2 protein chains.
Amino acid sequence: MTIKGKATSLDIAHLAGVSQPTVSRALRGSPMVNAETRERILRIARELNYKVDKNASSLRLRNAGTLALLFFEDPTNDDSLINPFFHSMLGSITRACALHGQDLLVSFQQLSTDWQADYEDSNKADGIILLGYGDYHESRDRLQRLVEQGTHFVRWGAALPGQPGVSIGSDNFQGGHDITTHLLQQGCRRIAFLGHASSHYPEFQERYRGHVAALQEHGLAAEAALQHDAITTEASGQEACQTLLARGEPIDAICAASDLIAIGAMRALREAGLRVPQDVAVTGFDDIPLAASVSPALTTVQQDTKQAGQLLVERLLALIGRQAVDSQSIPVKLVVRESSQRG
Amino acid sequence: MTIKGKATSLDIAHLAGVSQPTVSRALRGSPMVNAETRERILRIARELNYKVDKNASSLRLRNAGTLALLFFEDPTNDDSLINPFFHSMLGSITRACALHGQDLLVSFQQLSTDWQADYEDSNKADGIILLGYGDYHESRDRLQRLVEQGTHFVRWGAALPGQPGVSIGSDNFQGGHDITTHLLQQGCRRIAFLGHASSHYPEFQERYRGHVAALQEHGLAAEAALQHDAITTEASGQEACQTLLARGEPIDAICAASDLIAIGAMRALREAGLRVPQDVAVTGFDDIPLAASVSPALTTVQQDTKQAGQLLVERLLALIGRQAVDSQSIPVKLVVRESSQRG
DNA sequence: CTGAAAGCGCTTACAG
DNA sequence: CTGAAAGCGCTTACAG
């Protein structure tokens with residue numbers, strides 16, 4: 001009680017009349033400690049509000065009980081808000097960490113600069129979760145380097161064969177397929193796809209491939225003129241849609257690669273005096289909270305962020321535990337709302 | 001290179017032909033190391049991808065270079081999303097931490113359970129940032145305990161006299177005052193206030209006090225029938241508005257204590273066949289991203305999250321550095337959009 | 001300018 | 001069941 005500063009296990013040892021290692025054993029629940037002694041030690045520890053020094057114990061155990069979340073943004077993204085989808089991922093990752101008794105270090109990165117991925121090198125974290133879309137080609141080398149360095153990491157994103165490391169991602173192909181099929185069932189035939197469709201953005205590319213597959217199943221061919229690049233921001237979606245309309249290409253639906261793109265596109269349609277869904281049906285991807293609030297409410301593909309967070313954390317912990325771990329894709333769910341429902 | 005596992009400062013010492021302390025001095029930029037020796041050491045460290053072990057150095061320095069963000073939610077809140085306002089705070093806090101070379105531990109808490117505030121006790125963090133609204137009376141005792149334990153912490157929220165610890169918050173009184181004045185200038189006279197107005201929710205209470213002050217300046221008295229409790233969710237705002245309408249109280253404006261409440265209220269108004277702003281003007285508070293996207297766009301009070309994050313981090317670091325630190329309130333800005341503009 | 005020594009607080013073989 | 005000893009990797013007075 002009269003100890004200055006924080007109590008240590010040695011302080012407790014003195015008060016309990018035992019050696020310091022015995023205190024350590026008692027606190028860690030070792031079975032080879034006399035029950036009475038243990039009780040006495042635990043009581044004193046509680047009275048002193050003693051907490052094991054994590055620096056000392058991590059140093060000794062070579063294990064931090066901490067994971068790091070590296071969130072990186074595309075530098076082409078405007079400074080505004082982060083994709084709300086990732087907020088929901090952050091929430092589920094935090095909860096999954098708590099469930100597994102892990103603490104979570106969070107860091108926002110710029111893709112442009114070198115990733116500050118040395119949390120593990122400095123033993124501050126046992127592994128890293130990578131979150132954020134960007135140019136995949138740019139990040140691939142870095143991922144490769146992480147693998148070579150033996151860094152433990154999992155990333156959120158398309159799980160494609162031959163990728164460096166472990167990826168957890170939604171079944172983007174299925175999502176693109178299902179939502180396009182839905183549009184076709186609504187009678188749409190001139191469906192524009194807004195979003196990058198190159199290997200630089202594998203998630204979007206997979207959604208586009210699913211889109212094309214669905215078209216083909218209905219005997220339709222994908223037209224290059226109906227695909228227009230966009231990144232995941234409202235501004236980009238709005239601009240892409242304006243360009244599309246300016247080209248005069250006749251369309252009856254927009255299949256956007258993300259909800260933010262879709263919402264930007266709806267704004268452009270409104271400005272052009274077109275009604276959603278009567279003149280043009282619109283769909284998104286992600287099911288961010290905004291999707292349900294927007295008017296008309298947005299039909300979209302829901303990603304299972306809860307399962308995603310759990311899988312990311314569990315696989316990372318398995319990796320840290322030296323188990324073999326595979327990439328995995330997570331099923332998605334079509335959510336039909338007003339923006340796609342025609343007569 | 002042929003060293004198994006991670007390189008240590010001792011490995012570098014061997015390779016550089018110096019003692020381990022010299023390596024430590026060189027890496028920390030001590031001026032009393034020969035320039036050539038320093039260069040050699042730094043080169044070798046780089047080649048080995050050496051990173052100082054933070055557990056060892058924190059243990060020795062008694063300083064973790066890490067802050068913890070405790071985010072707590074009101075248990076009465078539905079499981080849905082977190083108040084988007086806090087996402088923006090999270091972003092600015094993360095950036096401020098990076099700026100000050102601090103790592104950030106993030107943890108979501110339930111108000112109901114005991115705060116897991118022992119990051120500092122375990123020396124994992126040097127101080128704590130508390131973020132989240134809840135019943136202030138419930139948290140007050142816990143804050144008091146933190147102060148008694150000598151925990152370094154700052155909290156986001158109303159900065160009121162006599163509070164335990166340091167608080168950084170918006171000037172809620174001014175915000176409530178300004179937005180009400182704006183409504184009055186638009187000709188509104190029957191203004192309902194949606195949000196708690198008790199000392200259990202000091203931020204809302206301050207907004208309400210500002211609201212009342214503005215009314216009085218215009219020779220109007222606050223009417224109890226025009227205030228209705230609500231917490232910061234759309235659902236709560238919608239319900240509060242429905243109740244209000246059901247009571248048949250004539251109103252020409254709703255001054256909501258937060259954007260989410262306002263958005264819920266707008267939904268209730270729409271369902272009741274009332275037009276915003278023609279029949280009822282609506283205002284919010286926070287300026288979350290949704291506020292600008294919603295239709296009609298929401299007039300609101302913008303909180304300066306960027307400055308807030310900076311202040312929270314800077315004051316906490318000052319506190320850790322044993323400086324005297326005061327609470328502070330941050331100016332807010334009225335943002336006029338469509339939802340309040342009458343003819 | 002540099003090295004030998006001590007110590008941060010813990011955990012775990014190793015003896016008893 | 002318990003203690004004495006060693007060591008995790010670093011930083012910093014203390015000598016030189």
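These numbers come from the heavy atoms of this one structure, side chains and all, not from hydrogens, waters or symmetry mates. Fair warning: this is a prediction, and the values are worked out from it, not measured in the lab.
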To the nearest angstrom, how far is [X] atom [atom1] from [N] atom [atom2]?
X: B:Asp53; N: C:dC10; atom1: CG; atom2: P; result: 17 Å
X: B:Asp121; N: C:dC10; atom1: CG; atom2: C1'; result: 17 Å
X: A:Asn123; N: C:dG9; atom1: CG; atom2: P; result: 20 Å
X: B:Arg60; N: D:dT11; atom1: CZ; atom2: P; result: 9 Å
X: B:Asn55; N: C:dG7; atom1: CG; atom2: P; result: 22 Å
X: B:Gln20; N: D:dC8; atom1: CD; atom2: P; result: 12 Å

Qualifying residues under side chain to side chain contact (heavy atoms under 4.5 Å, CB included), relative to [X], sequence neighbours excluded:
X: A:Glu36; value: A:Asn34
X: A:Glu203; value: A:Tyr133, A:Arg155, A:Ala158, A:Asn172, A:Arg207
X: B:Glu39; value: none

Hey, is the side chain of [X] poking within less than 4.0 Å of OP1 or OP2 on [N], counting only N and O atoms?
X: A:Ser24; N: C:dT11; answer: yes
X: B:Arg62; N: C:dG9; answer: yes
X: A:Thr37; N: D:dC1; answer: no
X: A:Ser57; N: C:dC10; answer: no
X: A:Thr22; N: D:dT2; answer: no
X: B:Arg28; N: D:dT12; answer: yes
X: A:Ser9; N: C:dC10; answer: yes
X: B:Tyr50; N: D:dG9; answer: no

Name each donor-acceptor pair under 3.5 Å that joins a side chain in residues 61-70 of chain A to protein atoms two or more places apart or in another chain, with its distance.
residue	atom	partner	partner atom	Å
A:Arg62	NH1	A:Leu59	O	3.4
A:Asn63	OD1	A:Gly65	N	2.9
A:Thr66	OG1	A:Ala64	O	3.0
A:Thr66	OG1	B:Lys124	NZ	2.4

- Would you call the rings of B:Phe85 and B:Trp156 parallel, tilted or perpendicular, where under 30° means parallel and over 60° means perpendicular?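 Answer is tilted, since the angle falls between 30° and 60°.
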- Using 30° and 60° as the class limits, which term best fits the ring planes of B:Phe71 and B:Phe86: parallel, tilted or perpendicular? perpendicular
For nucleotides 14-16 of chain C, list the nitrogen or oxygen atoms of the protein found under 3.5 Å from its nitrogen or oxygen atoms, one pair per line.
none

- Message: Nearest 0.5 angstrom please: A:Met32 CE to A:Arg38 CZ, how far?
- Response: 11.0 Å
- Message: Work out how far the C1' atom of C:dT12 is from that of C:dG16, and round it to whole angstrom.
- Response: 16 Å
- Query: If you measure from the P atom in C:dC14 to the same atom in C:dC10, how many Å do you get, rounded?
  - Reply: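 Comparing P positions in C:dC14 and C:dC10 gives a spacing of 23 Å.
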- Using a 4.0 Å heavy-atom cut-off across all strands, classify A:Leu61 as base, sugar-phosphate, or nothing.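 If one applies the 4.0 Å heavy-atom cut-off, A:Leu61 turns out to touch the sugar-phosphate alone, with no base involved.
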- Note on the structure: Pairing string of DNA chain C (Watson-Crick or G-U wobble, both atom distances under 3.5 Å; | = paired to other strand) is |||.||||||||.|||
